[in-house]
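So the structure is just underneath, and the comments pick up after that.
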Amino acid sequence: MFDNLSEKLDKALHVLKGHGQITEINVAETLKEVRRALLDADVNFKIAKEFTNKVKEKALGQDVLTSLQPGQLMVKLVKDELTELMGGDAEGINLSGTPSVILMSGLQGSGKTTFSGKLANYLKTKKTKKPLLVACDVYRPAAIDQLHVVGEQIGVEVFSDRGNNDPVAISKAGIAHAKANGFNVVIIDTAGRLAVDEQMMNEIANIHKAIQPQETLFVVDSMTGQDAVNTAKSFNDVLNFDGVILTKLDGDTRGGAAISIKSVVNKPIKFIGTGEKMDAIDVFYPSRMAERILG
Ligand code: GDP
């Protein structure tokens with residue numbers, strides 16, 4: 001995960017590690033390399049620039065120049081800033097409703113259906129909840145089948161209504177079914193398209209308005225870099241979602257989306273997907289991720 005970024009940051013910061021004392025020029029040069037590493041990882045230019053400016057300010061304010069181990073101190077400053085950028089403290093999901101309704105949003109192929117299953121499985125095993133999955137992709141019968149396959153794999157019931165092409169009605173019926181049958185979490189998997197379009201946005205906005213979920217999650221493929229950030233912005237404008245799910249972090253993603261998305265939409269990354277299997281889900285901890293990136 002983020003191997004290239006880790007390697008480049010390590011190289012940039014390594015230069016300082018050998019020095020007993022450093023100059024302002026050393027700091028500036030190092031931060032230039034840090035910025036380059038972030039840009040290479042597909043972090044937005046403005047974010048990368050702000051990032052290095054903040055680290056520079058802290059470095060000069062914290063007497064890095066006279067510190068006994070300036071290299072280590074710089075690594076710490078970069079790590080702290082990376083943690084801050086990715087979201088500070090980890091945040092859970094709101095499970096306060098009876099039932100708690102969780103609405104999944106995102107583009108087709110982002111990993112919504114897979115993640116819906118993973119989340120149901122996670123809640124069932126870790127939080128001893130009784131989740132119900134609801135299939136609301138009315139355009140692709142294959143998507144409904146896929147959710148049923150996932151449900152069977154993890155032993156979670158799936159509510160669907162194949163003849164019905166109204167996702168608002170299906171969502172409501174799913175919630176009613178949950179209430180009547182003792183489910184305390186409802187996860188609603190919705191239709192996605194290959195790109196943001198008005199019809200999809202209207203549809204998800206209508207579902208959101210009608211069911212008023214406790215938690216609206218935006219699922220995004222981390223491999224899509226800058227596009228991931230733009231898509232997040234479009235969905236957030238319409239849904240004001242509660243959190244982001246970054247999928248496919250097991251691939252050779254450069255890491256730009258993970259680093260940039262929080263600061264663009266100001267919403268936390270709550271979980272990450274790290275594989276196709278149902279247990280490939282992790283709570284996102286910004287500090288652990290920063291630790292991983294900086295080694
Ligand atoms: P949806 O269209 O948003 O519902 O996306 P799907 O859940 O169908 O996922 C699209 C593809 O991505 C499928 O082949 C999934 O197996 C795969 N996928 C989903 N999440 C992950 C992940 O975290 N890692 C990997 N490697 N593949 C994933």
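Order of appearance sets the numbers: ligands from 1, and atoms from 1 within every ligand. Counting begins at 1 with the first residue of the sequence. Predicted, not measured: the structure shown is a model, and the values here were computed from it.
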Requested in this report: Can you sort out which atoms of ligand 1 are near Q146, meaning under 4.0 Å from one of its heavy atoms?
Outcome: 6 (P), 7 (O), 8 (O)

Query raised in the report: Can you list every pair that meets salt bridge (Lys or Arg N to Asp or Glu O under 4.0 Å) and has a residue in residues 213-240, with sequence neighbours left out?
Result: E215-K270, D221-K248

Report summary line: Per-atom filter on ligand 1: closer than 4.0 angstrom to a heavy atom of T274 are 23 (O)

Query raised in the report: Hey, does the Lys NZ or Arg CZ of R292 hover above the aromatic six-ring of Y285, less than 6.0 Å from the centre and inside 45° of the axis?
Result: no

**Report entry** Sub-3.5 Å N/O-N/O distance, F115 and ligand 1
**Finding:** no

Report summary line: So for K277 against ligand 1, with non-hydrogen atoms under 4.0 Å, the contacting part is neither

Report summary line: From the list I144, N164, V168, I188, side-chain contact (heavy atoms from CB on, under 4.5 Å) partner of C136 resolves to I188

Report summary line: The complete set of salt bridge (Lys or Arg N to Asp or Glu O under 4.0 Å) pairs with one or both residues in residues 158-171, sequence neighbours excluded, reads D145-R162

Requested in this report: Please determine which of K58, K76, K56 meets the salt bridge (Lys or Arg N to Asp or Glu O under 4.0 Å) test together with E81.
Outcome: K58

Report task. Report the part of L249 in contact with ligand 1, treating N, CA, C, O as backbone and CB onward as side chain, heavy atoms under 4.0 Å; options are side chain, backbone, both, neither. Result -> neither

Query raised in the report: Do V138 and M104 belong together in a cluster built from hydrophobic side chains that touch within less than 4.5 Å?
Result: no

Query raised in the report: Are I204 and L103 close enough, and set up right, to give a side-chain contact (heavy atoms from CB on, under 4.5 Å), and what steps lead you there?
Result: CA-CA 9 Å; I204 188 93; L103 179 66; 4.2 Å; yes

Query raised in the report: Can you check whether K267 reaches N240 side chain to side chain, under 4.5 Å on heavy atoms?
Result: yes

Query raised in the report: Would you say ligand 1 has an N or O under 3.5 Å from any N or O of A280?
Result: no

Query raised in the report: How far is atom 2 (O) of ligand 1 from its nearest protein heavy atom, and which residue and atom is that?
Result: G109 N, 2.7 Å

Query - Positive for side-chain contact (heavy atoms from CB on, under 4.5 Å) with L147, one of T114, V134, L133 - result: L133

Query raised in the report: Does G275, backbone or side chain, put an N or O under 3.5 Å from an N or O of ligand 1?
Result: yes

Report task. Look at ligand 1 and say whether L107 reaches it with a heavy atom at a distance under 4.0 Å. Result -> yes

Query raised in the report: In terms of residue, atom name and distance, what is the protein heavy atom nearest to atom 18 (N) of ligand 1?
Result: K248 CE, 3.8 Å

Report task. Could you tell me whether D250 approaches ligand 1 through its side chain, its backbone, both or neither, with non-hydrogen atoms closer than 4.0 Å? Result -> side chain

Query raised in the report: Can you find a pair of side-chain heavy atoms, one from L31 and one from F51, that are under 4.5 Å apart?
Result: no

Query raised in the report: For atom 7 (O) of ligand 1, which protein heavy atom lies nearest, and how many Å away is it?
Result: T114 OG1, 2.6 Å

Query - Residue G273 vicinity, atoms of ligand 1 by number, heavy atom under 4.0 Å - result: 23 (O)

Query raised in the report: Which option out of K112, R140, E276 puts a heavy atom nearest to atom 27 (N) of ligand 1?
Result: E276

Query - Closest protein heavy atom (residue, atom, distance) for atom 5 (O) of ligand 1 - result: G111 N, 3.0 Å

Query raised in the report: Should G251 be listed as contacting ligand 1, given a heavy-atom distance under 4.0 Å as the test?
Result: no

